[in-house]
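Positions are given from 1 along the sequence. Atoms within a ligand are numbered from 1 in the order they appear, just like the ligands themselves.
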Amino acid sequence: MLPVSEVEKIILDLVKPFDPEIDSEILPLSQAIARILAEDISSELDFPHWDNSAMDGYALCYADLENLQELKLAISSDEIPAGITIDQSLNQGECVRIFTGGMLPIGADTIVMQEDAERIDNYLYLKAKPTQGEYVRRKGEFIQAGTTLIKAGTKLGATEIGALASARCQKIKVYRQPKIAIISTGNELVSLDSFHSLQLGQIIDSNLYALSTLVTQAGAIAIPFGTVRDHPVELESVMRQAITSADLIISSGGVSVGDYDYIEEILEKIGTDIHVRSVAIKPGKPLTVASLKPFLNVNRSEDNILYFGVPGNPVSAMMSFWRFIRGAIAKLNGSHKTHWYPQFIKAITTEDLHSQGRRETYLWGSLTYQKGSPIFQPAQNYSSGNLISAIGTNALAVMRVNQTYVPEGDEVIIMLT
Ligand code: AMP
Ligand code: MG
């Protein structure tokens, strides 16, 4: 049984990140939402492209205000709204009406907000002397042409997509989404699509749905490989199929030490390297991590493919994903440079927390904010077979080995899900 931190390291060392040349695709910007940039993007333009006003007001030349008895300027008959090109210069001692986004005329270097001045007939009376350069957005002030706008590995959210649009990037190179095979094993499992009524002793294969959701949320593509019986020959055939079509495989069930737990046996038969067999974590102790040399027709030909055999208990299966697999996916698709998983914060627990202290223990619950401070409300039940108890979970309180008690009102480490 290996410690959590050691298992995390073993897994991350096994992941070979996607190659930006091979494992990438070019997408129109509108289809790149939440994808990971595969190359640095530099701006072809200066931002802003030209000096312009940040306010509705008046453009003036600061030097014209020197030696004035009274802060009074003549107002030019022109007006500069956004969207027009202006090639006239400002006459000495004059100011010109300008609107937000309007181009500064030659000679102007300062904007006075309309609220800071009074217009009487064709004269502007300034309430106070402005600072030179005030409310001017200078050409190249945000970014200069040729400099990096967004780095490879960045996940494209609203800010990035908007910035790429303003930089006229219509097509961008992103990493392809990792393909993740999901296999469920167990004689008791029945597919949700089955027409038969559930017999006593049978349960629906819910892990397929929960794990597929986690995979999709992680920006990867879940490929269901069905519900397989605890039958070595059938299982081996499905595992081999999964290996030839996915970048990473997650199977749930069959990794404990029971008589019907065949996953490790088959992985050994196939000839994989098994790196982890169990972890000092609760829930989620049985975890098999293996790396496979790919078989025929595998798209990532030279690389190892990672196999995760997670426990069948529904909360344990999700725990393995949250704690270990999520980070592996982030390293695979290049996003770990900007988004590290899992993420930890500190919060105050609303109730006493208990652990036996033998394994690193994760207690699920919900994280909310009260008066701006993070508060952790633990669930009422911690059976790893009870998925219902985990409904609404967005965080887990982490109790280290030998930490058996955290009293209500104390701070606790929280892992975000
Ligand atoms: P196992 O890891 O195979 O020993 O299974 C542990 C527990 O998880 C058993 O109670 C199984 O019935 C349950 N289980 C296994 N696979 C699934 C699944 N795909 N969906 C829901 N529960 C499962
Ligand atoms: Mg089983």
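A salt bridge links Lys173 with Glu21; the closest basic N to acidic carboxylate O contact falls under 4.0 Å.
In terms of protein heavy-atom proximity, atom 21 (C) of ligand 1 is nearest to Ser206 OG, 3.3 Å. Among all non-hydrogen protein atoms, the one lying nearest atom 14 (N) of ligand 1 is Gly312 O, 3.3 Å. Distance from atom 3 (O) of ligand 1 to its nearest protein heavy atom, with residue and atom name: Gly254 N, 2.9 Å. Annotation: atom 19 (N) of ligand 1 to nearest protein heavy atom, Asp205 OD1, 2.7 Å. In terms of protein heavy-atom proximity, atom 6 (C) of ligand 1 is nearest to Asn313 N, 3.6 Å. Looking at atom 12 (O) of ligand 1, its nearest protein heavy atom turns out to be Glu188 OE2, 2.5 Å. Closest protein heavy atom to atom 4 (O) of ligand 1: Ser256 OG, 3.8 Å.
Side-chain atoms of Asp78 and Gln88 include a donor-acceptor pair closer than 3.5 Å.
Of the N or O atoms in Pro311, none lie within a sub-3.5 Å distance of an N or O in ligand 1.
The residue among Asn187, Asn207, Thr185 with a heavy atom at the shortest distance from atom 17 (C) of ligand 1 is Asn207.
The Ile204 neighbourhood of ligand 1 comprises atoms 20 (N), 21 (C), with distances under 4.0 Å to a heavy atom of that residue. Under a 4.0 Å criterion applied to the non-hydrogen atoms of Ile203, ligand 1 contributes the atoms 12 (O), 21 (C), 22 (N), 23 (C).
Aromatic ring orientation, His354 versus Tyr405: parallel (interplanar angle below 30°, classes split at 30° and 60°).
Minimum heavy-atom separation, Leu353 to Phe376: CD2-CE2, 4.3 Å.
The residue Val255 has no part lying near ligand 1, judged by heavy-atom distances below 4.0 Å.
The local environment of NZ in Lys151 is sparse, with at most 12 non-hydrogen atoms from other residues, nucleotides or ligands closer than 6.0 Å. Under a cut-off of 6.0 angstrom, the local environment of CG in Asp259 is sparse, with at most 12 non-hydrogen atoms contributed by other residues, nucleotides or ligands.
The backbone N or O of His49 lies less than 3.5 Å from no partner atom in the side chain of Asp46, so there is not a single donor-acceptor pair.
When each of Leu416, Val398, Ile414 is checked for a side chain to side chain contact (heavy atoms under 4.5 Å, CB included) with Phe344, only Val398 meets the rule.
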